[in-house]
Amino acid sequence: MSADHLPEHPDFLWRNPDPKKSYDAVIVGGGGHGLATAYFLAKNHGMTNIAILEKGWLAGGNMARNTTIIRSNYLWDESAAIYEHALKLWEILPEELEYDFLFSQRGVMNLAHTLGDVRESIRRVGANRLNGVDAEWLDPQQVKELCPILNTSDNIRYPVMGATYQPRAGIAKHDHVAWAFARKCDELGVDIIQNCEVTGFIKDGDKVTGVKTSRGTINTEKVGLCAAGHSSVLAEMAGFRLPIQSHPLQALVSELHEPVHPTVVMSNHVHVYVSQAHKGELVMGAGVDSYNGYGQRGSFHVIEEQMAAAVELFPIFARAHVLRTWGGIVDTTLDASPIVGVTPVENMFVNCGWGTGGFKGTPAAGLTFAHTIATGAPHELNKPFALERFETGALIDEHGAAAVAH
Amino acid sequence: MLLISCPNCGPRDETEFHYGGQAHIAYPENPNDLSDREWAEYLFYRENTKGTFAERWVHSTGCRQWFNMLRDTVSYDIHAIYAMGQPRPDYPADQASAPGLAPGAATPASSATTPTSSEGV
Ligand SMILES: Cc1cc2nc3c(=O)[nH]c(=O)nc-3n(C[C@H](O)[C@H](O)[C@H](O)COP(=O)(O)OP(=O)(O)OC[C@H]3O[C@@H](n4cnc5c(N)ncnc54)[C@H](O)[C@@H]3O)c2cc1C
Ligand SMILES: [Zn+2]
């Protein structure tokens with residue numbers, strides 16, 4: 001194709017309306033969770049006079065930056081319930097949203113490298129099965145059969161002693177997920193307003209009645225916060241606190257390669273996780289940078305460590321090159337579980353704390369948070385994740401328990 | 001990689017240090033008198049400042065001493081480093097962006113602070 005004959009612009013998937021003077025509900029944050037929440041508010045609760053306010057461009061935050069691992073093999077009942085519900089939704093959403101976002105159920109393997117890992121993994125497989133989550137324990141031979149490029153010999157520092165495997169887990173194309181939700185939201189009448197930063201809230205006593213934005217003041221009956229890494233900043237504007245710390249979380253991709261990696265492999269102990277994207281890039285990530293940060297970038301030594309781990313586990317990756325690295329801002333909690341529910345401010349609701357692993361939760365976060373916003377009450381699945389658990393002590397400690405945090 | 005000036009050892013790579021989160025959190029004077037809410041605040045609630053933040057670091061693979069730091073959580077610039085037990089030095093956010101101002105130079109507790117630089121990546 002020659003340069004003076006560019007193809008026609010494809011159809012736009014959503015309008016770009018100006019904000020109205022008032023809405024029945026306003027969702028702050030146009031990432032996956034904000035989009036899914038608006039979609040279910042419109043679809044399940046008939047709330048169509050609503051808006052999503054996004055300070056940047058649609059789904060340009062963690063939604064654009066995550067490594068798209070979807071799984072539900074969490075240890076505790078409360079987590080298994082909500083993540084498994086999400087996984088079931090992922091299985092039907094392409095049809096419901098009429099958009100094939102390439103959800104590929106290629107399985108996820110969580111490697112065990114120590115006797116402690118082995119015991120915890122087998123325990124988790126048992127717990128998963130009791131909760132109706134598909135889970136298997138693989139010995140090193142079975143690991144090798146499923147993923148031949150993995151080094152399962154004992155010539156490495158932490159040999160692979162086995163793995164848990166969830167066959168229904170996998171990856172999806174994050175941008176397409178966002179666009180799929182956005183198109184449906186738009187069809188249902190939701191206003192998606194980009195370049196609209198929320199800068200403050202208008203309150204009548206303890207009750208929120210409006211939001212101040214870079215595009216003017218908007219009155220609203222209800223506010224739902226879906227701001228991920230910026231949740232604390234918004235809560236502070238609204239006059240309450242959240243037990244959240246924002247950290248940089250980085251990931252990287254290699255150049256394109258022939259398909260070599262058939263599944264998703266995660267190792268908590270050697271600390272890397274790897275999948276191969278549909279196009280062919282090797283996608284890798286690991287843990288957060290230790291310090292608090294809103295910079296959407298972290299330190300290079302974190303990248304270096306995850307690359308060392310990757311090459312140890314996958315010797316053929318030694319020849320691959322890093323094409324791009326980037327970072328997002330993740331909203332971590334001390335029990336590595338999300339916070340979804342009511343806030344001390346009347347008519348204001350919060351969905352945050354999904355930290356390093358909230359992409360997989362997107363559909364269930366949206367479904368249950370929409371219920372909470374519409375009815376003012378918890379949904380059965382998000383009830384255990386209320387803010388009050390930090391006072392009652394009913395924490396849902398998924399640190400380590402959930403294999404790796406992503 | 002941050003370049004952190006340990007008060008005892010001088011400038012060293014970030015990899016020699018461990019992070020200790022928000023500084024200046026005192027153990028409650030009368031723990032038995034706290035309500036559940038107050039305990040939750042003490043245990044789980046920390047500031048999550050976007051901007052200048054007072055935090056603790058420990059030089060784990062060096063002198064193994066703790067110290068405090070004022071760091072910008074967006075630019076990652078280090079504004080001041082000061083001893084444990086010292087009060088937080090003044091560092092208004094607007095000074096952070098004042099042109100030509102050396103990091104840490106404007107802090108009143110200047111004898112206790114070590115001007116440092118940090119490297120963004
Ligand atoms: C490198 C990386 C890898 C990850 N890998 C995985 C993974 O493999 N699997 C998994 O399940 N999860 C993963 N995650 C986590 C996942 O990305 C997040 O938990 C999830 O995306 C958070 O929900 P969100 O999509 O709504 O967030 P975001 O996309 O960050 O949405 C929040 C939005 O709020 C907007 N906002 C903030 N402040 C304001 C304001 N004042 N006014 C208006 N808008 C505002 C932001 O601009 C942003 O667009 C990863 C994250 C990162 C960074
Ligand atoms: Zn030292």
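Here is the naming used below: chain letters follow the sequence lines, and residue numbers restart at 1 for every chain. All values below were derived from every heavy atom in this structure, side-chain atoms included, with hydrogens, water molecules and symmetry-related copies excluded.
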Subject >> cation_pi(A:Arg241, B:Phe44) dist<6.0 Å, angle<=45 >> reply: no
Original post:
Are the side chain of A:Asp331 and the backbone N or O of A:Gly355 linked by a donor-acceptor pair below 3.5 Å?
Top reply: yes
**OP:** Go through B:Thr15, B:Val74, B:Asp13 and name the one with the most non-hydrogen pairs under 4.5 angstrom from chain A.
**Re:** B:Val74
Original post:
Should A:Phe201 and A:Val345 count as side-chain neighbours, where that means a heavy-atom distance under 4.5 Å?
Top reply: no
Subject >> chain B interface, residue from A:Thr333, A:Thr325, A:Asn292, A:Val302 that has the most non-hydrogen pairs under 4.5 Å >> reply: A:Asn292
Original post:
B:Phe53 versus chain A, heavy atoms under 4.5 Å apart: side chain, backbone, both or neither?
Top reply: side chain
Original post:
side chain to side chain donor-acceptor pair (under 3.5 Å) between A:Tyr291 and A:Ser299: does it pass, once the steps are laid out?
Top reply: CA-CA 10 Å; A:Tyr291 49 75; A:Ser299 289; 3.2 Å; yes
Original post:
If you count heavy-atom pairs under 4.5 Å with chain A, which of B:His18, B:Gln22, B:Glu41, B:Glu55 comes out on top?
Top reply: B:Glu41
Original post:
B:Thr49 versus chain A, heavy atoms under 4.5 Å apart: side chain, backbone, both or neither?
Top reply: backbone
Original post:
Checking A:Ile244 against chain B: side chain, backbone, both or neither under 4.5 Å from a heavy atom?
Top reply: both
Original post:
Tell me, side chain or backbone of A:Leu395 under 4.5 Å from chain B's heavy atoms, or both, or neither?
Top reply: side chain
Subject >> Side chain / backbone / both / neither for B:Glu38 at chain A, heavy atoms under 4.5 Å >> reply: neither
Subject >> Short side-chain donor-acceptor distance under 3.5 Å, A:Asp289 and A:Gln250 >> reply: yes
**OP:** State, without any angle test, whether B:Asn48 and A:Ser246 hold a side-chain donor-acceptor pair at a distance under 3.5 Å.
**Re:** yes
**OP:** Under 4.5 Å heavy-atom distance to chain B, tell me which part of A:Glu388 shows up: side chain, backbone, both or neither.
**Re:** neither
**OP:** Ignoring hydrogens and angles, state whether a donor on the side chain of A:Thr37 or A:Asn351 is under 3.5 Å from an acceptor on the partner side chain.
**Re:** no
